[in-house]
Each structure stands twice: as structure tokens, then as C-alpha cells.
Amino acid sequence: MKWLLVVLALLSIGMTSLQAEKKIIIDQAFYGADMDEVSYEDAKLALNLWLKKMNKNMSGFSAKILFYSEFRQLKNDIQEGKIDALILSSYSYAMHSDFYKKYFHDGWIRTEEDEKPFLSYVILKRKEARIKQNSIVHYYKYSKISKIIIEKYALGHNLNLEYIGTKKKSKPVLDLFFKKCDIAIVNKFSWKVMQELNPQLSQSLVVMHKTDRIFSPEFSLFSKNMNNNKKRIYLKAIKEIATTENGKQLMQMFKFNRLIKFDGAKLHGVEKFYKNYLIVQKKYEK
């Protein structure tokens with residue numbers, strides 16, 4: 001939920017310089033396919049509060065956001081042209097990539113600690129451990145793509161594993177270290193930070209598999225029918241985020257480097273990954 005607040009807060013900071021523009025309404029959508037019911041409702045409340053504050057402080061621009069927890073309604077509204085920009089995750093995109101490619105193209109994406117977009121994930125085990133049938137996997141429950149990654153790995157190695165989601169990002173690794181599970185999955189940057197904070201982790205745990213760098217916890221795609229003036233204003237606001245003191249503070253607080261424009265074609269990696277997963281899953285079921 002924090003990253004959603006950051007996106008809107010940063011946009012509100014950038015948009016203040018655009019007050020001379022003619023009143024423009026940008027219809028955004030948030031698709032919370034990664035969230036359970038409680039987290040989704042919390043996100044809605046927080047986002048609506050931020051939008052109210054943002055719109056009150058600006059003239060010439062107004063942002064609205066529609067919330068979706070089910071793809072069917074989202075699909076209908078996209079087809080009816082009600083959405084200019086869609087915020088979603090790699091998991092959400094992978095589920096319906098062919099549909100999204102039909103209606104959306106470029107957009108913005110967050111960068112990671114090295115100023116580049118996208119993440120890779122690592123699957124960890126204890127050095128001395130042997131992975132066997134019914135081994136227990138811990139993953140962060142709000143990163144459903146991480147569960148798909150470990151499921152794909154398990155199916156490819158003829159392993160039947162038990163999956164348990166945690167409410168904290170760091171807990172899978174800590175649980176593995178303290179022998180509360182047999183396997184953990186985490187994104188590579190988080191693993192690097194945890195190693196720096198606790199060198200003992202490197203002495204006890206090893207990487208048994210690493211993915212390509214193709215995943216993202218959040219990005220936004222622009223509708224192919226989005227007005228060019230709307231897109232210009234939206235991208236200008238994003239570009240100006242780092243030039244304001246409040247923007248810099250928020251970026252530092254949430255370890256959020258930048259939002260950059262990107263070509264939607266770069267999502268081909270996660271699209272291919274998920275389709276390969278479905279192929280492996282189908283073979284395993286036979």
C-alpha cells in the first residue's frame with residue numbers, strides 16, 4: 001500500500017507547477033489483483049484521501065482514480081474508453097497480457113537502487129539442506145508473482161512443495177535462517193540489503209535459483225487513445241518530482257529512486273515467463 005501513496009504524493013508534488021494549464025482530468029485506474037480484501041480496502045481509503053488533498057491544492061488539473069479487484073469490470077471499462085492510465089503489477093499484467101497490449105502501450109515505471117527498472121528474484125535454501133518432496137516454502141503473500149516463480153521452479157524439478165505466505169517482506173528469509181521453513185523467495189535487492197545488515201545470512205543461506213530481471217511491483221501503462229496533452233502533463237509531473245524538496249524527502253523515506261518513462265514492449269519478459277509457467281503446469285497435471 002505504501003508505494004501507492006508514494007505515487008500519488010509524488011504526482012501531487014509534480015503537478016503543482018502545472019497550475020496554469022487548462023483544466024484537464026486524467027482518469028487513472030488501480031487494479032489490486034495482488035491484494036487480499038483487507039489490504040485492498042485500506043489502499044482504497046488511503047488513495048482517496050491523497051487524491052482529495054492533491055486535487056484541492058491544484059488548479060488546471062484534476063486526477064481521478066477507479067479501483068478494481070476483479071478483472072471483468074476493469075476489462076469492460078477499458079473497452080469503453082474510461083481509463084487513461086492503469087497502475088498495476090507484473091503479476092496483474094501477466095494474467096491478461098494479450099488484452100493489455102491491445103489497449104495500452106508505453107507508460108512509467110519505478111527504478112530500483114541501481115537506477116534501473118525491474119527486479120529479479122532469488123530462491124534460497126540453507127547450505128546444508130537437501131530439498132525434497134513436501135518441503136515448506138515461505139513467500140511474501142502480497143507478491144503473488146514470487147509464488148508463481150517458486151511454483152514454476154518446483155514443477156520443473158518434479159517437486160511437490162507446501163507454500164505459506166507471510167505478511168512481512170523480510171520474514172521468508174528470516175524464517176529460513178531460523179529453520180522455520182526449507183525454502184524462501186525474495187527479490188534480489190531485498191536479499192542484498194538483508195545480507196549487508198546481517199552477514200550471518202550469507203554464511204548460512206545460498207541461492208539455488210535466480211530469475212531474469214523482468215518483474216516490477218508497480219508501473220503504469222497509458223491508453224493508446226489517451227490525449228497527447230494529458231500524457232504530456234502526466235509525464236512532465238513525473239519528470240519534475242526530483243526537483244522539489246518534498247519529492248526528494250518522500251523518495252528517500254520510501255527508498256523510491258525515480259519514475260521513468262518506459263516502452264511497454266519491455267514487458268515481454270514477464271509475459272513470456274508466465275506463458276512458460278502455464279506450459280509447465282499443464283505438463284505436470286498430465
Side-chain angles (χ1 to χ4, degrees), residues 3-4 7 29-35 71 74-75 78 85-124 137 139-157 159 163 169 172 183-193 207-224 226 235 238 255-284:
W3 66 262
L4 294 170
V7 169
F30 164 62
Y31 181 35
D34 285 27
M35 296 183 168
F71 178 71
L74 173 66
K75 180 180 179 180
I78 289 173
L86 174 63
I87 301 171
L88 69 170
S89 67
S90 289
Y91 171 82
S92 304
Y93 180 83
M95 299 298 103
H96 307 282
S97 57
D98 290 338
F99 174 79
Y100 292 129
K101 286 191 296 182
K102 182 177 179 180
Y103 291 94
F104 298 90
H105 50 162
D106 56 355
W108 57 255
I109 191 169
R110 57 172 279 177
T111 62
E112 303 303 328
E113 294 180 5
D114 59 358
E115 293 295 314
K116 297 178 182 179
F118 298 107
L119 289 166
S120 63
Y121 281 78
V122 291
I123 299 174
L124 306 168
V137 178
Y139 68 97
Y140 179 49
K141 67 181 295 185
Y142 301 126
S143 175
K144 292 185 179 179
I145 198 70
S146 64
K147 185 182 180 185
I148 291 177
I149 292 168
I150 185 62
E151 283 182 343
K152 182 174 182 289
Y153 177 87
L155 292 172
H157 290 78
L159 291 170
Y163 302 93
K169 288 183 179 180
I183 302 171
I185 182 167
V186 67
N187 75 64
K188 187 179 177 182
F189 280 117
S190 295
W191 169 232
K192 180 181 177 182
V193 170
V207 174
M208 54 189 283
H209 177 72
K210 182 178 74 171
T211 72
D212 293 332
R213 190 168 177 175
I214 57 175
F215 306 100
S216 177
E218 70 275 341
F219 55 89
S220 182
L221 295 175
F222 295 137
S223 167
K224 290 181 178 180
M226 186 177 182
L235 290 173
I238 290 173
K255 303 185 185 303
F256 199 92
N257 292 309
R258 286 189 301 151
L259 297 176
I260 60 171
K261 184 178 178 180
F262 87 113
D263 184 348
K266 293 184 177 179
L267 296 169
H268 175 71
V270 71
E271 176 188 359
K272 182 179 178 181
F273 165 84
Y274 184 70
K275 289 182 176 179
N276 287 341
Y277 161 74
L278 294 178
I279 291 171
V280 173
Q281 187 182 53
K282 189 173 182 179
K283 287 181 179 178
Y284 184 84

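No hydrogens, no waters, no symmetry mates; every other heavy atom, side chains included, goes into these values. Note that the coordinates shown come from a computational prediction; the quantities given were computed from them, not determined experimentally.
Looking at Lys188 and Asp114, no side-chain N of the basic residue comes within less than 4.0 Å of a carboxylate O on the acidic one, giving no salt bridge.
The backbone N or O of Ser190 lies less than 3.5 Å from a partner atom in the side chain of Asn187, making a donor-acceptor pair. The main-chain N or O of Pro217 is never found under 3.5 Å from a side-chain atom of Ser89 such that the two would form a donor-acceptor pair.
Between the side chains of Ser143 and Tyr121, at least one donor N or O lies within less than 3.5 Å of an accepting N or O. Side chain to side chain, Glu151 and Tyr163 fail the donor-acceptor criterion of an N or O pair below 3.5 Å.
More than 12 heavy atoms of other residues, nucleotides or ligands shown are found within 6.0 angstrom of NZ on Lys224.
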Trace of the salt bridge (Lys or Arg N to Asp or Glu O under 4.0 Å) decision for Lys272 with Asp212: CA-CA 11 Å; Lys272 182 179 178 181; Asp212 293 332; over 6 Å; no
Evaluation steps, side chain to side chain contact (heavy atoms under 4.5 Å, CB included), between Lys101 and Tyr93: CA-CA 10 Å; Lys101 286 191 296 182; Tyr93 180 83; 3.3 Å; yes
Working for side chain to side chain contact (heavy atoms under 4.5 Å, CB included), residues Val207 and Leu124: CA-CA 5 Å; Val207 174; Leu124 306 168; 3.5 Å; yes
Worked verdict on His96 versus Lys75 for side chain to side chain contact (heavy atoms under 4.5 Å, CB included): CA-CA 10 Å; His96 307 282; Lys75 180 180 179 180; over 6 Å; no
Test side chain to side chain contact (heavy atoms under 4.5 Å, CB included) applied to Phe104 and Met226, step by step: CA-CA 9 Å; Phe104 298 90; Met226 186 177 182; over 6 Å; no
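A search for ring-ring contact (aromatic ring centres under 6.0 Å, His included) contacts involving Tyr153 returns His157, His209, not counting sequence neighbours. Every residue two or more places apart in sequence or in another chain was checked for a side chain to side chain donor-acceptor pair (under 3.5 Å) with Tyr139, and none qualifies. Partners of Lys275 by side chain to side chain contact (heavy atoms under 4.5 Å, CB included), not counting sequence neighbours, listed by chain and number: Ser97, Asp98, Glu271.
With a 4.5 Å cut-off on side-chain heavy atoms, Tyr274 and Met95 count as touching. The shortest distance between side-chain heavy atoms of Phe273 and Ile148 falls below 4.5 Å. Using a 4.5 Å heavy-atom threshold, the side chains of Leu88 and Phe219 count as touching.
A tilted orientation is assigned to the rings of Phe99 and Tyr103, their planes being inclined by 30° to 60°.
Taking both residues in full, the closest heavy atoms of Ala184 and Pro172 are given as CB-O, 3.3 Å, listed atom of the first, atom of the second, then distance. Residues Ser92 and Tyr31 approach most closely at CB-CD2, 3.7 Å, considering heavy atoms. When all heavy atoms of Leu221 and His105 are compared, the closest pair comes out as CD2-O, 3.2 Å. Shortest non-hydrogen contact noted between Asp106 and Lys261 is OD2-CE, 3.4 Å.
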